[in-house]
Every structure is written in C-alpha cells, then in structure tokens.
Amino acid sequence: MAATPDIERISSFFEFSGVFKRADPYGSGHINDTYLCISEQEGRVERHIIQRINHHIFTDPLTMMNNGVRVAEHLRQKLIAEQATDLDRRSLRFVRTKSGTIGHLDDDGRYWRAMRFIPNAQTHEFASTPKHTFEAAIAFGRFQSQLLDLPPESLPPVIPFFHHTPKRLDALIAAIANDAENRVASARRTIDFALHRQPLCAELQTRLERGELPLRVTHNDAKIDNVLIDTTRCEGLCVVDLDTVGAGLVHFDFGDLLRTAVFAAGEAEQAIDSIHIDMEMARAAVAGYLTGAKGFLQPSELDTLAISGKLLALETGIRFLTDHLDGDRYFKTAYRDQNLQRARSQFRRVELLEQHEDELVRLIRTHC
Ligand code: ADP
Ligand code: GN1
Ligand code: MG
C-alpha cells in the first residue's frame, strides 16, 4: 500500500496562513488524490483543498493546472461584472505556492495544488430531488455561457481525444484483442452491448467533423458530483474540478449531467436492475441547462441535444469496461470487478435513455 503523503509538509509550500492542524482524504473522485487540510489562525479555523495530480493520466500537469486557473479567473471576472454577491463561494480560488507557482513539485516528482475550501456546500454522487438536478444543470449551462468569450483554442488539450467516442471504442476493441487479464469471457454480454452500438459512438464526432456543430469551451467532466450545492438553500454554487476544461461540444457536458443527474443511483450502485430513470429529474435537467445556457445554443446543437445522455453514458461505460479488461489501471477501484460493474451501470443508463429519447426531444423543444 502506498504511504500516506505528508500533507503538513506539502501545505508548508503554499501561501497558507495559520498553523497546520490536520488533513483527511476528501471527496470521491476516481483520478486525483484530494485532501481537506485544516489550519488555525489566531483561533480561527481555515480550510483548504489540497490535491495531488495523477501524473499517469495528466502527463502535463502544468498545462492542466494553468487551464483551470485561467478558467476560474475568467469566471470570477464575469461574476464581478455581474456584481454577484458571495464571490468566494461562487468561484474557485487557487492558492499559489510561496515561490509564486501554481503547483508544488514534491520529492517524488508529483505535482500538488491547493485552493480555498468553499464552506457550507457539498457535492453529491447523484441527485435526490428535481430541484438538485435543476440547480446542477443551471450551473453547467451558466458555466458554458460565461466562457463563450474565451476562445476554445486558447486552452491546450490536456488529454487528447478525451471525448472522441469512436476512439474510445477502438481502445475497447484493442483491449478485447489483448485480453491482458483473461477477463473477456466473463464480460462477454457487457462487451456485446457496447459493440452493438458502434453507430451511436460516431454520431457527434461525425457532425463535428462535418462542421455542423461548433466547438466551445466546455467542462468535459460535468457529472453532478462536480457541482457544489449550497447546504442550506439547495442552490448550485460553483462548478469544481476544472482538470479537463477545454474545447468541446455542449453535448459532452449536458450528456454527463444527464447520465448522472436523472437516476437516483450513483456510479457505485451494484443493483443494476434497481436503476430507474426519473423523468421529473430529466425535465429539471433540461429546464435548468437551457435556463443556464440561455440564448447561445444554435439550432444544430438543440436538435441533437437529446442524444447526449445515452452517448456519454455509452462512452463512460466503454471506458470503465476497457479499464476492467486492461487490469484496472486508470480508474481507482475498491474491489476486483468494480469497473465491470460500473460499465454495466452505465449501459443500463444507455438503455433507459434510449427508451425515453422521444420524451427528451419533446422536453427540449418545449423549453427552447
Ligand atoms: P477529482 O478530480 O478527484 O474528482 P475534485 O476536484 O472533483 O477531484 O475534488 C474532489 C471533491 O472535493 C469534489 O467532489 C468536492 O466535493 C470537493 N471540492 C473540490 N474543490 C472544492 C472546494 N474548492 N471547496 C470545497 N470542496 C471542494
Ligand atoms: C473521472 O476525476 P473524476 O472522478 O471527476 C474521469 C471522467 C469520468 C468520471 C466517471 C480525467 O472523473 O472522465 O467521466 O471519472 N476523469 C478523467 O465518474 O478521466
Ligand atoms: Mg471531481
């Protein structure tokens, strides 16, 4: 087992005031290691989020962190221009190191970054009420809207072809051929589910390549777990996790939102048959997203929005399945077949979103 990092020492490199008290693992992200760090300044408690970047996945951590800082600052300027209140809870504030850099490189060659902790707010792995879904959806719609004037090409890609679903399918096909862990036979039904949906994988990419859909600045990991919700007022406060922000289709965010915010079940749900779609939540997702993204979506984007959820659930499931076949090298896992179970849970969502696609189309038309 890996040694617990010395967060007290790491925190000493950042511009924190106060005396270090303690640090604990925080959140449920699959990639980076997140800690909540508590210090004390003249009897006042100060909290920060400290994160160790997964350098196997983010091979250029400085570019990745830079993109996040740029986007956070852009969003903050937008809030200032709108004369928004509660600025420090509505935007991420990264804390620089004492030498003025955005990250600290430790003795093991790993990058760390820090930001102010946003109090009285929480993220959730799935929505429990339509209001929660609505608030998360508004937050992502607004996020895209506030970044319209940031040129997508000004943010270098951190993981190339991140949402290129056909390439994700190719990676699955390669993993099947390789069968590194002898897991293909036991995953056959789940594999077939993905392979039978090859045409769906290409739907957005083809339109993008034909120039029918515009590239915008998108979050690219817009699961509900990445929106902080105010604890007392159930209000969407701040979009977090800016690691993958960059050029993308609006569908990537709306799709991630649908696949996580309209089923009362998280990615860890093992009782696959118990996963059901909640059309009240779907209505809230559409209404919230289109409220937040008011006015800027083109007809070609609106006309294709309804396929986003099934496509992103399929892509995410393909990625979990590929990792299962490869031996669980990408996503953190807690037990042996967790990535296979995660893939099945995503594919169940694909089926349900396929069955309800006509209703989604109607909901989107109603809100345009
Ligand atoms: P990961 O990339 O591992 O998903 P995140 O950046 O999403 O990491 O952070 C993990 C969790 O930490 C989030 O889901 C959220 O609950 C919490 N979190 C992140 N940033 C902040 C912040 N500035 N204030 C409060 N909580 C935060
Ligand atoms: C990862 O780090 P986290 O948990 O927010 C992944 C996303 C997946 C998501 C599935 C960089 O996000 O793409 O959709 O897991 N992030 C990366 O839960 O691969
Ligand atoms: Mg996250």
Side-chain angles (χ1 to χ4, degrees), residues 23-38 46-61 64-65 67-69 71-72 75-76 88-95 112-126 136 157-165 168 171 218-231 237-246 248 252-253 255-261 266-269 311-323 329-333 338-339 341-343 345-346 349:
D24 296 298
Y26 198 72
S28 54
H30 297 330
I31 309 290
N32 297 318
D33 299 317
T34 302
Y35 298 86
L36 171 60
C37 176
I38 297 179
E46 299 225 333
R47 284 178 290 180
H48 289 93
I49 291 284
I50 297 196
Q51 287 179 315
R52 177 166 59 185
I53 310 301
N54 183 329
H55 64 306
H56 297 295
I57 289 172
F58 296 108
T59 52
D60 183 356
M64 181 271 256
M65 290 190 285
N67 284 352
V69 170
V71 165
L75 294 172
R76 193 173 174 85
D88 284 343
R89 293 177 69 237
R90 291 185 192 282
S91 56
L92 289 181
R93 295 210 76 178
F94 290 95
V95 179
W112 292 81
R113 70 169 164 217
M115 60 191 134
R116 292 201 193 176
F117 181 80
I118 297 178
N120 304 325
Q122 265 185 316
T123 54
H124 305 264
E125 283 177 59
F126 57 90
V158 289
I159 303 179
F161 306 112
F162 192 63
H163 280 306
H164 193 301
T165 320
R168 295 294 191 180
T218 49
H219 183 278
N220 297 320
D221 188 7
K223 53 185 192 181
I224 196 160
D225 198 26
N226 282 329
V227 186
L228 281 170
I229 304 287
D230 183 287
T231 319
L237 261 188
C238 181
V239 168
V240 301
D241 201 346
L242 304 179
D243 299 354
T244 49
V245 70
F252 299 158
D253 291 353
D256 260 335
L257 183 78
L258 278 184
R259 77 170 181 84
T260 54
E267 278 176 357
E269 178 60 64
L311 208 144
L312 266 288
L314 179 62
E315 180 188 283
T316 309
I318 286 173
R319 293 176 60 202
F320 286 140
L321 183 56
T322 306
D323 199 32
R329 290 183 290 143
Y330 189 98
F331 297 103
K332 287 181 191 169
T333 49
Q338 187 168 18
N339 272 319
Q341 166 275 322
R342 285 175 175 151
S345 148
Q346 291 305 312
R349 290 159 207 248

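The structure displayed is predicted, hence computed values, not measured ones. Computation of the quantities below employed the complete heavy-atom set of this structure, encompassing side-chain atoms and omitting hydrogens, waters and symmetry-equivalent molecules. Both counts, for ligands and for their atoms, begin at 1 and track the order of listing.
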message = Ring-plane angle category for His163 and Phe252, please: parallel below 30°, perpendicular beyond 60°, tilted otherwise.
response = tilted
Measuring from [X]:[atom1] to [Y]:[atom2], what's the distance to the nearest 0.5 Å?
X	Y	atom1	atom2	value
Thr123	Leu237	OG1	CG	11.5 Å
Arg47	Ile38	CZ	CD1	6.5 Å
Asn226	Leu257	CG	CG	11.0 Å
Met64	Thr59	CE	OG1	10.0 Å
Ser91	Met115	OG	CE	12.0 Å

Could you check [atom] against the protein and tell me its nearest heavy-atom contact, residue, atom and distance included?
atom	result
atom 2 (O) of ligand 1	Asp241 OD2, 3.0 Å
atom 16 (O) of ligand 1	Thr123 OG1, 2.6 Å
atom 15 (O) of ligand 2	His30 CD2, 3.4 Å
atom 26 (N) of ligand 1	Phe117 CE1, 3.8 Å
atom 10 (C) of ligand 2	Glu267 OE2, 3.4 Å
atom 14 (O) of ligand 2	Arg259 NH2, 3.3 Å
atom 7 (C) of ligand 2	Asp221 OD1, 3.6 Å
atom 11 (C) of ligand 1	Gly27 CA, 3.9 Å
atom 21 (C) of ligand 1	Ile49 CG1, 3.7 Å
atom 3 (O) of ligand 1	Gly29 CA, 3.4 Å
atom 17 (C) of ligand 1	Tyr26 CE2, 3.6 Å
atom 20 (N) of ligand 1	Met115 CE, 3.7 Å

Do [X] and [Y] sit within salt-bridge range, that is, some charged N less than 4.0 Å from a carboxylate O?
X	Y	value
Arg90	Asp230	no
Lys223	Asp253	no
Asp33	Lys332	yes
Glu315	Arg259	no

ask   = Going by atom types alone, do Thr231 and Gln122 pair a side-chain donor with an acceptor below 3.5 Å?
value = no
message = Quick one about Asn32 and Asn54 (side-chain donor to acceptor, distance below 3.5 Å, no hydrogens or angles considered), yes or no?
response =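 On atom types as modelled, these side chains do not qualify, holding no pair under 3.5 Å.
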request  = Check if His163 has a non-hydrogen atom at a distance under 4.0 Å from any atom of ligand 2.
outcome  =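 Contact absent.
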Could you tell me which atoms of ligand 2, counted from 1 in the order shown, lie closer than 4.0 angstrom to a heavy atom of [X]?
X	answer
Asn226	5 (O)
Phe58	11 (C)
Gly29	4 (O)
Ile31	1 (C), 2 (O), 16 (N), 17 (C), 19 (O)
Lys223	3 (P), 4 (O), 5 (O), 9 (C), 10 (C), 12 (O), 15 (O), 18 (O)

Quick check: does [X] get an N/O under 3.5 Å from an N/O on ligand 2?
X	answer
Ser28	no
Tyr330	yes
Arg319	yes
Asp241	yes

The Mg ion (ligand 3) - closest N/O/S atom in Asp241 =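 Of the nitrogen, oxygen and sulfur atoms in Asp241, the Mg ion (ligand 3) lies nearest to OD2.
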Going by the order shown, which atoms of ligand 1 are within less than 4.0 Å of some heavy atom of [X]?
X	result
Asn226	7 (O)
Asp243	2 (O)
Asp225	14 (O)

query = With a cut-off of 2.8 Å, does any N, O or S atom of Asp221 fall short of it relative to the Mg ion (ligand 3)?
reply = no
request  = Could you tell me whether the Mg ion (ligand 3) has an N, O or S atom of Asn226 under 2.8 Å away?
outcome  =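 Short answer: yes, at least one N, O or S atom is under the cut-off.
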Of the non-hydrogen atoms in [X] and [Y], which two are nearest, and what is the gap between them?
X	Y	result
Thr244	Val158	CA-CG2, 4.2 Å
Ile224	Ala261	CD1-CB, 3.7 Å
Tyr330	Ile159	OH-CD1, 4.1 Å
Gly266	Ser345	O-OG, 4.4 Å

Ring-face cation contact, Phe162 with Arg168, 6.0 Å cut, 45° max =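 Yes.
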Tell me whether [X] has any N or O atom under 3.5 angstrom from an N or O of ligand 1.
X	answer
Arg116	yes
Ile118	yes
Arg113	no
His30	no
Gln51	yes

message = Quick one, Asp88 with Arg76, criterion salt bridge (charged side-chain N to carboxylate O under 4.0 Å, His left out). Give me CA distance, side-chain angles, the key distance, then yes/no.
response = CA-CA 9 Å; Asp88 284 343; Arg76 193 173 174 85; 2.9 Å; yes
Can you tell me which portion of [X] lies within the under-4.0 Å heavy-atom range of ligand 1? Options are side chain, backbone, both, or neither.
X	result
Leu92	side chain
Asp33	neither
Thr34	side chain
Asn32	both

His219 side-chain N/O to Asp221 backbone N/O, donor-acceptor pair under 3.5 Å =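 The answer is yes, because a donor-acceptor pair under 3.5 Å joins these two groups.
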request  = Please test Phe117 against His48 for ring pair (Phe, Tyr, Trp, His ring centres under 6.0 Å), starting from the C-alpha separation and ending with a verdict.
outcome  = CA-CA 5 Å; Phe117 181 80; His48 289 93; 9.2 Å; no
message = I'd like to know whether ligand 1 has Gln122 as a neighbour, heavy-atom separation below 4.0 Å.
response =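 Contact absent.
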request  = For the residue pair Phe331 and Ile31, establish whether any side-chain heavy-atom pair is separated by less than 4.5 Å.
outcome  = yes
